[in-house]
Undergrad: 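I'd like to ask you about the structure that follows.
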Protein chains: 2
Amino acid sequence: MTRTPLSPTPRSTIKRGKKRAVADRAALDAVLDAGLICHLSVVIDGAPVVLPTGYGRDGNTLYLHGSTGALSLRHTLDTDICVAVTLVDGIVYARSVFHFSANYRSAVVHGRARLVESEEERMHGLKVLTEHMAPGSWQHSRLPSAKEMAKTQVIALPLDEAAVKIRTGGPGDEPEDIESDIAWAGVLPLTRHWGAPVPSEDLSPGWVDAPAHIRDRSASPA
Amino acid sequence: MTRTPLSPTPRSTIKRGKKRAVADRAALDAVLDAGLICHLSVVIDGAPVVLPTGYGRDGNTLYLHGSTGALSLRHTLDTDICVAVTLVDGIVYARSVFHFSANYRSAVVHGRARLVESEEERMHGLKVLTEHMAPGSWQHSRLPSAKEMAKTQVIALPLDEAAVKIRTGGPGDEPEDIESDIAWAGVLPLTRHWGAPVPSEDLSPGWVDAPAHIRDRSASPA
């Protein structure tokens with residue numbers, strides 16, 4: 001995999017909060033791999049539209065998919081798109097309202113996507129997407145039929161132009177507010193957890209115990 | 001508060017997954033109030049840009065804020081913007097890869113924002129934002145000074161044009177896959193939790209026990 005340096009273009013150069021910018025390709029991969037969904041933004045009739053959707057990363061490629069009829073996906077080709085993945089890790093309580101903040105990991109990817117055309121890469125893209133959303137499921141579940149593949153579009157966005165911002169730690173209060181000791185200051189961490197698997201109502205009794213790839217996930221933080 | 005019906009325009013009419021569309025103004029408010037951050041999308045030089053940011057709702061108004069120097073905020077005025085708030089509630093495991101999905105609550109708001117100009121509403125907008133991110137903090141912490149207010153822009157987006165989608169429940173597998181009993185099917189719920197408050201390193205000993213509005217939040221689901 002080619003590790004390109006981040007922020008090579010004006011629009012992916014972070015102007016605000018530069019101290020939170022991370023110019024490390026590994027950080028981009030880590031944020032993308034830790035996220036669950038992304039927010040995809042496209043321009044439709046001159047106006048921005050942002051929608052949540054699934055994704056998966058393989059090396060330097062971000063795969064997205066959708067129904068062949070999906071309005072937003074038809075607007076992703078031959079034009080610029082933008083994808084954001086954000087994890088909120090906590091709320092930063094400061095002595096002053098002005099310095100309230102959030103701890104977070106954020107990746108914003110800019111670029112042009114290509115429609116994946118070969119059946120082999122289309123299937124690969126869906127595998128990457130499925131394994132991102134539900135690790136272990138590609139082996140466990142029935143793979144897409146030709147009819148299902150015909151209903152599905154897969155697009156590929158290169159990870160060449162991206163910005164990563166990460167904020168950690170406590171508040172950046174003013175010295176006089178620290179001195180005057182007026183309020184509590186610190187971080188309230190936010191974490192995500194998988195609950196116990198809820199079997200489908202029509203699941204046969206033989207499957208009521210979830211298989212290991214689901215049980216193991218349930219026991220770990222999200 | 002005026003409760004306008006949802007989806008009054010072509011771009012906020014849900015085309016895909018219509019069965020998940022919720023045409024209920026109360027549902028929009030509930031999703032916006034349950035979310036923590038939003039993704040704001042703007043068009044800059046013809047290309048979409050999406051960024052995570054804080055927000056707060058008061059009645060029919062969504063308040064956003066930023067530094068007066070923020071690139072994205074300068075591009076929010078006199079033009080269309082789009083804001084998405086998404087909560088992922090679980091991963092839906094199906095017998096077939098094609099029917100994998102996520103349970104979620106999603107609100108997408110389209111519109112034109114106005115720059116809030118009066119000092120009174122600017123302060124109100126910041127209160128709404130702060131109380132959304134950290135309930136109880138407006139009373140507890142030092143309020144913005146004139147100098148801090150001068151560095152801050154507040155914008156207001158009306159909630160007149162929005163789409164809400166909510167997915168709940170198990171997978172929509174094909175009858176033949178249910179019959180063949182080939183895989184586990186169900187939902188792995190995803191929940192968010194506040195951790196224990198982490199006091200700032202420079203906090204005085206008198207504040208080491210977090211006040212009630214933070215302790216209480218820490219004990220409840222996010």
Side-chain angles (χ1 to χ4, degrees), chain A residues 15-16 36-37 39 41-43 47-50 52 67 70-71 80 82 84 86 88 91 93 95-98 100 106 130 133-134 140-144 148 170-171 177-178 181-195 197-200 202-204 207 210-211 214 218 222, chain B residues 15-16 36-37 39 41-43 47-50 52 67 70-71 80 82 84 86 88 91 93 95-98 100 106 130 133-134 140-144 148 170-171 177-178 181-195 197-200 202-204 207 210-211 214 218 222:
Chain A
K15 289 110 192 160
R16 302 299 307 172
L36 193 57
I37 62 152
H39 281 82
S41 181
V42 296
V43 178
V49 174
V50 55
S67 159
L71 182 67
D80 289 301
C82 187
T86 309
V88 179
I91 297 297
Y93 288 73
R95 284 123 175 137
S96 64
V97 162
F98 187 75
F100 269 63
S106 158
T130 303
M133 181 163 74
H140 180 72
S141 304
R142 177 178 65 72
L143 298 188
E148 289 167 344
D177 291 324
I178 298 172
D181 198 27
I182 45 167
W184 191 82
V187 175
L188 198 60
L190 183 65
T191 53
R192 300 181 304 166
H193 301 266
W194 298 108
V198 179
S200 180
D202 55 8
L203 197 63
S204 78
W207 279 114
I214 298 166
S218 172
Chain B
K15 288 110 192 159
R16 303 299 306 172
L36 193 59
I37 62 152
H39 282 81
S41 181
V42 296
V43 178
V49 173
V50 54
S67 160
L71 182 66
D80 290 301
C82 188
T86 309
V88 179
I91 297 298
Y93 288 72
R95 283 125 177 135
S96 64
V97 161
F98 186 75
F100 270 64
S106 158
T130 303
M133 180 163 74
H140 181 73
S141 305
R142 176 176 67 71
L143 298 187
E148 288 168 344
D177 290 324
I178 298 172
D181 198 27
I182 47 168
W184 190 83
V187 175
L188 198 60
L190 183 65
T191 53
R192 301 182 303 166
H193 301 267
W194 298 109
V198 179
S200 180
D202 54 11
L203 196 64
S204 77
W207 280 114
I214 298 167
S218 173

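The analysis underlying the following values was restricted to heavy atoms, covering all of them including side chains, and did not include hydrogens, waters or symmetry mates. Since we're looking at a predicted model, the values are computed, not measured.
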Undergrad: When heavy-atom pairs shorter than 4.5 Å are enumerated against chain A, which of B:Ala84, B:Ser218, B:Ser204, B:Gly195 gives the highest number?
TA: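 So the answer, after comparing B:Ala84, B:Ser218, B:Ser204, B:Gly195, is B:Gly195.
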Undergrad: Using a cut-off of under 4.5 Å for heavy-atom pairs, which of B:Pro199, B:Pro171, B:Pro144 has the most such pairs with chain A?
TA: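 Among the listed options, the one with the most contacts to chain A is B:Pro199.
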Undergrad: Please report the shortest heavy-atom distance between B:Leu190 and A:Arg192, naming the atom on each side.
TA: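 That closest heavy-atom pairing would be CD1-CB, 4.1 Å.
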Undergrad: What part of B:Thr130 gets within 4.5 angstrom of chain A, counting heavy atoms only: side chain, backbone, both, or neither?
TA: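 Interface part for B:Thr130: side chain.
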Undergrad: Out of curiosity, A:Asp177 CG to B:Arg142 CZ, how far, rounded to the nearest 0.5 Å?
TA: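 Interatomic distance, A:Asp177 CG to B:Arg142 CZ, rounded to 0.5 Å: 4.0 Å.
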Undergrad: Rounded to the nearest 0.5 Å, what separates atom NE2 in A:His140 from atom CH2 in B:Trp184?
TA: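 So the gap between those two atoms works out to 8.5 Å.
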Undergrad: Side chain, backbone, both or neither: which part of B:Ile178 has an atom under 4.5 Å from a heavy atom of chain A?
TA: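 The side chain, not the backbone.
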Undergrad: Looking at chain B, which one of A:Ser200, A:Gly186, A:Cys82, A:Pro48 has the largest number of heavy-atom pairs inside 4.5 Å, strictly under?
TA: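 Looking at each option in turn, the highest pair count goes to A:Pro48.
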Undergrad: Say whether, by atom type as modelled, one donor and one acceptor occur between the side chain of B:Trp194 and the main chain of A:Pro189 under 3.5 angstrom.
TA: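 It does not hold such a pair.
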Undergrad: Using 0.5 Å steps for rounding, measure from the CG atom of A:Leu143 to the OG atom of B:Ser96.
TA: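 Result: 10.0 Å between the selected atoms.
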Undergrad: Determine the minimum heavy-atom distance between B:Ala134 and A:Phe100, stating which atoms define it.
TA: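 What the structure gives for the nearest pair is CB-CE2, 3.6 Å.
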Undergrad: Side chain, backbone, both or neither: which part of B:Leu36 has an atom under 4.5 Å from a heavy atom of chain A?
TA: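 Only the side chain of B:Leu36 comes within 4.5 Å of chain A.
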Undergrad: Using non-hydrogen atoms and a 4.5 Å limit, figure out which bit of A:Tyr93 sits close to chain B: side chain, backbone, both or neither.
TA: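 Only the side chain of A:Tyr93 comes within 4.5 Å of chain B.
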Undergrad: If you count heavy-atom pairs within less than 4.5 Å of chain A, which of B:Val42, B:Ile37, B:Val187 leads?
TA: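 If we count pairs closer than 4.5 Å to chain A, B:Val187 comes out on top.
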Undergrad: Please state whether the side chain, the backbone, both or neither of A:Val88 comes within less than 4.5 Å of a heavy atom of chain B.
TA: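 Only the side chain of A:Val88 comes within 4.5 Å of chain B.
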Undergrad: Please rank B:Asp80, B:Asp202, B:Thr86, B:Leu188 by heavy-atom pairs under 4.5 Å with chain A and give me the top one.
TA: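 Of the options given, most contacts go to B:Leu188.
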Undergrad: Please rank B:Ser106, B:Gly170, B:Pro52 by heavy-atom pairs under 4.5 Å with chain A and give me the top one.
TA: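 Going by pairs under 4.5 Å, I would pick B:Pro52.
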